[in-house]
Colleague: 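Pasting a structure below so you can have a look.
No experiment lies behind these values; they were computed from the predicted model shown. Sequential numbering from 1 along the given sequence is applied to the chain's residues.
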Amino acid sequence: MMKKFFMFFLLINISYSCSGKDNVEIIKIGHIGEFDYDIWNQIDEEIKRDNYKLDIVYFNDYELLNKALNDGDIDLNAFQNYIYFANETNEHNYKLSILEKTFIAPMHIYSKNFTNINQIQSNAKIAVPIDKVNLSRALQILEMASLIKLERYNNNFYSLSNISENNLNLEIIPMEASTIYYNMDKTDAAIINYGFISDYQNYNIIYYDDVKKYSPQGQKSYVNLIVCREKDKDYNIYNFIAVSYKHKIKTYIEENKLKGLIVID
């Protein structure tokens, strides 16, 4: 009798264990870059005890991430700043919501051949992101570096047509942000989004985009976000992930493990 009871108890345990594994909820997070890979791994370990698992889905195209989230192909995304989010949701009528504001990332000017911004010569080729949000930011960085001047205007974004002075006759080449790093041999300099340049040992930063010097409005515009669908904004596990990420990235920044980023409280 005891033997039969033991076998029955064992079968129940096995069945329960298998059921637990089958019921793990996979949370897909759309992302660009691997600079925060360790942080996502830590969060994955934290949520395992509650039967959740992270699946980081890496993208190479900014324009796909919000559509994928809106369509339900992913559950969260963590790649964009506020001004990009506002433009995308307004332009495409996406029903998305901000869970957390996390950090501000710089957009430095990089070069393989030069070590100083003053070495940029006439007719130099400079690669910039092609999407209008990051192109506008890149042009403003070129102006801060005293390479061009922009005409002031009331629209949201600058384009190449807003360049009022280009004394060095620079050839400014818009291209997909994900491809700029791999085309640096063909250019004299490039402005690259932080997520696409996590390993820049072979290149020099010739102009530092110091985000600490941004105006309060500038910091608000370029703060990075963790975003969900509007209908999911009160889902506890999504909020836990967003808060945990914000806490961990803050620690990494304060410990100087991620240089150039600044924390947003």
Side-chain angles (χ1 to χ4, degrees), residues 21-105 129 131 133-134 176-178 193-198 219-253 257-258 261-265:
K21 288 181 180 178
D22 291 342
N23 289 331
V24 170
E25 181 177 340
I26 306 297
I27 299 170
K28 295 183 177 181
I29 301 180
H31 194 42
I32 287 177
E34 298 184 5
F35 63 93
D36 51 1
Y37 179 83
D38 290 341
I39 291 174
W40 292 118
N41 274 346
Q42 291 171 37
I43 296 172
D44 187 44
E45 288 297 320
E46 286 177 343
I47 65 177
K48 275 183 180 177
R49 62 178 178 265
D50 294 317
N51 245 21
Y52 297 103
K53 180 172 179 56
L54 292 187
D55 179 11
I56 308 300
V57 183
Y58 291 100
F59 287 74
N60 285 322
D61 187 342
Y62 280 119
E63 294 183 4
L64 298 178
L65 278 125
N66 283 326
K67 185 178 188 306
L69 179 57
N70 192 71
D71 292 349
D73 297 326
I74 56 177
D75 302 301
L76 305 172
N77 69 38
F79 79 100
Q80 64 193 316
N81 55 42
Y82 177 80
I83 196 168
Y84 189 92
F85 169 83
N87 180 67
E88 283 266 294
T89 51
N90 290 334
E91 197 168 273
H92 301 288
N93 199 31
Y94 292 146
K95 304 300 183 184
L96 305 179
S97 182
I98 297 169
L99 284 176
E100 275 292 351
K101 298 175 182 177
T102 54
F103 61 87
I104 302 175
D131 70 274
V133 175
N134 286 299
E176 294 295 335
S178 62
N193 299 78
Y194 189 86
F196 288 124
I197 189 83
S198 56
Q219 292 194 359
K220 178 184 177 182
S221 297
Y222 294 115
V223 62
N224 277 51
L225 311 171
I226 296 179
V227 174
C228 68
R229 285 179 291 278
E230 205 170 75
K231 67 183 181 66
D232 297 330
K233 64 183 179 181
D234 296 321
Y235 192 24
N236 287 340
I237 188 61
Y238 291 176
N239 281 278
F240 174 85
I241 289 168
V243 170
S244 182
Y245 180 93
K246 181 171 183 173
H247 172 75
K248 288 176 172 55
I249 197 101
K250 179 180 180 181
T251 300
Y252 269 57
I253 293 169
K257 293 179 180 178
L258 292 170
L261 305 185
I262 66 169
V263 176
I264 291 298
D265 293 320

Colleague: Does Val223 form a side chain to side chain contact (heavy atoms under 4.5 Å, CB included) with Asn81? I'd like the steps, not just the answer.
Modeller: CA-CA 5 Å; Val223 62; Asn81 55 42; over 6 Å; no

Colleague: Heavy atoms only: give me the nearest Tyr52-Val24 pair and the separation to one decimal.
Modeller: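 Where Tyr52 meets Val24 most closely, the heavy atoms are C-CG1, 4.2 Å.
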
Colleague: Any sub-3.5 Å donor-acceptor pair from Arg229's side-chain atoms to Ser97's backbone N or O?
Modeller: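 A pair under 3.5 Å: no.
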
Colleague: Check whether more than 12 heavy atoms from other residues, nucleotides or ligands sit under 6.0 Å from atom OH of Tyr82, and answer yes or no.
Modeller: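 Atom OH in Tyr82 is not crowded, with 12 or fewer foreign heavy atoms closer than 6.0 Å.
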
Colleague: At what distance, to the nearest 0.5 angstrom, does CD1 of Ile98 lie from CD of Glu230?
Modeller: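 Output value for this atom pair is 11.0 Å.
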
Colleague: Is there a side-chain contact between Ile74 and Ile29 (heavy atoms, below 4.5 Å)?
Modeller: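 Side-chain contact under 4.5 Å: no.
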
Colleague: Specify the closest pair of heavy atoms between Glu100 and Val243, including all atoms of both residues, with the distance to one decimal.
Modeller: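 That closest heavy-atom pairing would be OE2-CG2, 3.5 Å.
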
Colleague: Measuring from atom NZ of Lys246 to atom CG of Leu225, what distance do you get when rounded to the nearest 0.5 angstrom?
Modeller: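 If we round to the nearest 0.5 Å, Lys246:NZ and Leu225:CG are 10.5 Å apart.
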
Colleague: Between Gln80 and Val227, is there a side-chain heavy-atom distance shorter than 4.5 Å?
Modeller: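 Sidechains of Gln80 and Val227: in contact.
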
Colleague: Can you check whether Ile237 reaches Asp50 side chain to side chain, under 4.5 Å on heavy atoms?
Modeller: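 No, side chains not in contact.
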
Colleague: Okay, side chain of Asp61, backbone of Glu63: is any donor-acceptor separation there less than 3.5 Å?
Modeller: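 Looks like yes, one N/O pair under 3.5 Å.
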
Colleague: Output the distance between atom CD1 (Ile32) and atom OG (Ser178), rounded to the nearest 0.5 Å.
Modeller: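 So the CD1 of Ile32 and the OG of Ser178 are separated by 7.5 Å.
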
Colleague: Does Lys248 NZ have over 12 foreign heavy atoms under 6.0 Å away?
Modeller: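 Yes, enclosed.
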
Colleague: With side chains defined as the heavy atoms from C-beta onward, is the minimum distance between Leu54 and Ile47 less than 4.5 Å?
Modeller: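 Result yes, sub-4.5 Å side-chain heavy-atom pair found.
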
Colleague: Can you confirm if the aromatic rings of Tyr62 and Tyr84 lie within a centre distance of less than 6.0 Å?
Modeller: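 Here the rings of Tyr62 and Tyr84 have centres that are less than 6.0 Å from each other.
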
Colleague: CD1/Ile104 to NZ/Lys220 distance, rounded to the nearest 0.5 angstrom?
Modeller: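 Here the rounded value is 12.5 Å.
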
Colleague: Are Asn134 and Asn193 close enough that a side-chain donor and a side-chain acceptor fall under 3.5 Å?
Modeller: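 A donor-acceptor contact under 3.5 Å links the two side chains.
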
Colleague: Is there a side-chain contact between Ile264 and Thr102, using heavy atoms and a 4.5 Å cut-off?
Modeller: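 With C-beta onward as the side chain, the pair stays apart.
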
Colleague: Would you indicate whether the side-chain heavy atoms of Ile241 and Glu46 approach each other to under 4.5 Å?
Modeller: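 Contact flag for Glu46/Ile241 side chains = no.
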
Colleague: Are the side chains of Tyr194 and Leu261 in contact, using a 4.5 Å heavy-atom criterion?
Modeller: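 They are in contact (side-chain heavy atoms under 4.5 Å apart), so the answer is yes.
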
Colleague: Answer yes or no: does atom OH of Tyr58 have more than 12 heavy-atom neighbours from other residues, nucleotides or ligands under 6.0 Å?
Modeller: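 Count over threshold, so yes.
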
Colleague: Is it true that a side-chain atom of Thr89 and a backbone atom of Ala86 form a donor plus acceptor pair closer than 3.5 Å?
Modeller: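 Yes, the answer is positive, given that a donor and an acceptor are paired below the 3.5 Å cut-off.
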
Colleague: When rounded to the nearest 0.5 angstrom, what is the spacing between NZ in Lys95 and SG in Cys228?
Modeller: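 The distance works out to 14.0 Å.
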
Colleague: Show your reasoning for whether side chain to side chain contact (heavy atoms under 4.5 Å, CB included) applies to Thr251 and His247.
Modeller: CA-CA 6 Å; Thr251 300; His247 172 75; 4.2 Å; yes

Colleague: Classify the side-chain pair Asn41/Asp38 by whether it contains a donor and acceptor separated by less than 3.5 Å.
Modeller: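 Asp38 and Asn41 do not have a side-chain donor-acceptor pair below 3.5 Å.
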
Colleague: Should Phe240 and Tyr245 be marked as a side chain to side chain contact (heavy atoms under 4.5 Å, CB included) after you check the CA-CA gap, both sets of side-chain angles, and the distance that decides it?
Modeller: CA-CA 8 Å; Phe240 174 85; Tyr245 180 93; over 6 Å; no

Colleague: Is any side-chain heavy atom of Lys28 closer than 4.5 Å to one of Asp73?
Modeller: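 The answer is no; the side chains never approach within 4.5 Å.
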
Colleague: Does any N or O in the side chain of Asp44 come within less than 3.5 Å of the main-chain N or O of Lys53, such that one atom is a donor and the other an acceptor?
Modeller: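 Checked: no pair found.
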
Colleague: Tyr238: which residues meet the ring pair (Phe, Tyr, Trp, His ring centres under 6.0 Å) condition with it, sequence neighbours left out?
Modeller: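 Tyr238 satisfies ring pair (Phe, Tyr, Trp, His ring centres under 6.0 Å) with Tyr235 once adjacent residues are dropped.
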
Colleague: Take His31 and Asp36 through the test side chain to side chain donor-acceptor pair (under 3.5 Å) and record every step on the way to the result.
Modeller: CA-CA 10 Å; His31 194 42; Asp36 51 1; 2.7 Å; yes

Colleague: Report yes or no: does Asn66 contribute a side-chain atom to a donor-acceptor pair with the main-chain N or O of Phe85 at less than 3.5 Å?
Modeller: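 Not confirmed, Asn66 side chain does not pair with Phe85 backbone.
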
Colleague: Output the distance between atom CD1 (Ile56) and atom CH2 (Trp40), rounded to the nearest 0.5 Å.
Modeller: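 Going from the CD1 atom of Ile56 to the CH2 atom of Trp40 covers 5.5 Å.
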
Colleague: Can you tell me if NE2 on His92 sees more than 12 non-hydrogen neighbours from other groups inside 6.0 Å?
Modeller: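 Count over threshold, so yes.
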
